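Working notes, beginning with the structure itself.
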Amino acid sequence: MAKATKKQALGRGLSALLNDPDNDIQSVSDKNADKVVGNIVELDLETIAVNPFQPRSNFNDTALNELATSIRELGVIQPITVRKMDFNQYQLVSGERRFRASKLVGLQKIPAYIRIANDQESLEMALVENIQRQDLDPIEIALSYQRLIDEIQLTQERLSDRVGKKRSTITNYLRLLRLDPIIQTGIRDGFTTMGHGRALVNIEKKEEQIALYEQIITENLSVRETEKLVKAFHEKPVSTKKTSAETQRSPSFITGGAGKLTKKLSVNVAVSASAKGKGKITIPFHSEAEFDRIQKLILGE
């Protein structure tokens, strides 16, 4: 009981400090800053603004709802991180999924670590913490690495130290940004993997990347098979170009079909077929719950 009483008293003390406009803490040198900065404080959700430097641009609705369900049952286990902007005003540094999910379930407050930082420090913290803690897809990670290099002016050596990754690993991610945007989208949506992308990036021309990408999707090629395909392309470019021309011819009956299925199932459905009519429908899912939802829609349950 003594520990609980002490914790509650500490919470009231921090709240009092944060709600005292005459002694508002704006820098680490201010009085009582050491008692607030770096500590966990319950903040009103309405006082927190979304971070404009957030590297994650894709929030899966199903995964977000699953997190919301967990928060409804167990609460927010891992605090978000915010930086103090003004009196009773904060901005997210990391934890936007937890922030969004907490709003979904109607929470009024959320536990948060408070930091004081300028915009550049906030961007670096947001990028680094999201790379380390969030389940970003390979393209989002690559974009985050590139932003750290371009906007924070980190060398690959310093970036390696900051994120705790080998320089070769960082290089492999950055090379994905040389892929055609269509292929990058395919990686983000789960149609292909980073391994497929690493193989395709060895093809210089974007139109040739696309031709091989379409063949990978149509034939459901593994990473190993994709590596062999790229090797064959370099050894026999004429033969591979014939194959790409064939894959570009699709029968008219699938035109618009992918769009209708995507709208019906609310996922990016890929439909591909040869000129003879033989083809494949690919339906991605990101969790058991999403699989169950798609299955019910298909079966009409």
Side-chain angles (χ1 to χ4, degrees), residues 57-58 60 131 135-146 156 165-262 265 267-287 290-291 294:
S57 56
N58 233 0
N60 181 274
I131 288 170
D135 186 22
L136 298 182
D137 65 61
I139 300 302
E140 287 177 309
I141 292 175
L143 290 170
S144 295
Y145 285 155
Q146 192 63 56
Q156 286 198 24
K165 300 289 184 181
K166 293 181 179 178
R167 183 178 175 183
S168 59
T169 299
I170 293 171
T171 300
N172 285 332
Y173 276 103
L174 291 173
R175 292 181 73 227
L176 296 178
L177 300 180
R178 291 162 49 188
L179 293 169
D180 186 273
I182 292 176
I183 302 174
Q184 292 186 33
T185 300
I187 294 174
R188 297 186 71 166
D189 291 341
F191 292 122
T192 53
T193 67
M194 180 177 176
H196 291 94
R198 287 180 60 185
L200 286 174
V201 81
N202 293 309
I203 305 297
E204 184 176 352
K205 294 182 179 180
K206 298 293 179 67
E207 61 269 22
E208 292 170 346
Q209 288 181 3
I210 291 295
L212 295 185
Y213 171 71
E214 291 177 350
Q215 186 173 345
I216 292 166
I217 297 298
T218 302
E219 300 178 15
N220 195 26
L221 299 182
S222 66
V223 172
R224 182 65 60 85
E225 289 168 333
T226 299
E227 291 170 347
K228 290 180 179 179
L229 181 66
V230 171
K231 183 179 180 182
F233 173 86
H234 288 300
E235 292 175 350
K236 300 177 182 179
V238 176
S239 174
T240 306
K241 287 178 182 177
K242 289 181 181 178
T243 301
S244 67
E246 292 174 0
T247 59
Q248 290 176 345
R249 293 196 298 268
S250 298
S252 59
F253 70 85
I254 70 166
T255 303
K260 292 178 182 178
L261 287 170
T262 294
L265 302 177
V267 292
N268 290 318
V269 177
V271 180
S272 57
S274 66
K276 294 181 179 180
K278 182 180 179 181
K280 179 181 67 173
I281 297 175
T282 303
I283 305 174
F285 60 91
H286 303 284
S287 67
E290 187 171 23
F291 176 82
I294 294 171

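Note that the structure is a prediction, hence the values are computed from the model and not measured.
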So, taking the atom named [atom1] in [X] and the one named [atom2] in [Y], what distance separates them when rounded to the nearest 0.5 Å?
X      : Y      : atom1 : atom2 : answer
Leu212 : Phe233 : CG    : CZ    : 6.0 Å
Asn172 : Tyr145 : CG    : OH    : 10.5 Å
Ile283 : Phe191 : CD1   : CZ    : 9.5 Å
Glu140 : Arg188 : CD    : CZ    : 4.5 Å
Glu219 : Glu214 : CD    : CD    : 11.5 Å

- Item | Side-chain donor/acceptor of Thr169 to backbone N/O of Lys165, under 3.5 Å |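 Absent.
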* Asked: For Asp180, does its backbone N or O pair with a side-chain atom of Gln209 as donor and acceptor, under 3.5 Å?
  ->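 Side chain of Gln209 to backbone of Asp180, a donor-acceptor pair under 3.5 Å: yes, one is there.
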- Query: Among Leu176, Thr192, Leu177, Asp137, which one satisfies side chain to side chain contact (heavy atoms under 4.5 Å, CB included) with Gln184?
  - Reply: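 So, applying the side chain to side chain contact (heavy atoms under 4.5 Å, CB included) to Gln184 and each of Leu176, Thr192, Leu177, Asp137, only Leu177 qualifies.
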*asked:* Given His196, which partner from the list Ile217, Ile187, Val223 fulfils the side chain to side chain contact (heavy atoms under 4.5 Å, CB included) test?
replied: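 With His196 as partner, Ile217, Ile187, Val223 yield a single side chain to side chain contact (heavy atoms under 4.5 Å, CB included), made by Val223.
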Is there a side-chain contact between [X] and [Y], using heavy atoms and a 4.5 Å cut-off?
X      : Y      : value
Leu143 : Gln146 : no
Lys228 : Glu225 : no
Lys280 : Thr282 : yes
Ile216 : Leu200 : yes
Ile210 : Lys206 : no
Arg167 : Thr171 : yes

Can Asn202 and Arg178 be counted as having a side-chain donor-acceptor contact under 3.5 angstrom?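 Per modelled atom types, Asn202 and Arg178 side chains form no pair under 3.5 Å.
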Could you give me the CA-CA distance, side-chain angles and deciding distance for Gln215 and Thr218, then say whether side-chain contact (heavy atoms from CB on, under 4.5 Å) is met? CA-CA 5 Å; Gln215 186 173 345; Thr218 302; 5.7 Å; no
Restricting to non-hydrogen atoms, name the atom on Tyr173 and the atom on Ala142 that form the minimum distance, rounded to 0.1 Å.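 Minimum heavy-atom contact is O-CB, 3.1 Å.
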Residues Gln156, Leu174; criterion side-chain contact (heavy atoms from CB on, under 4.5 Å); working and verdict
CA-CA 10 Å; Gln156 286 198 24; Leu174 291 173; 3.7 Å; yes
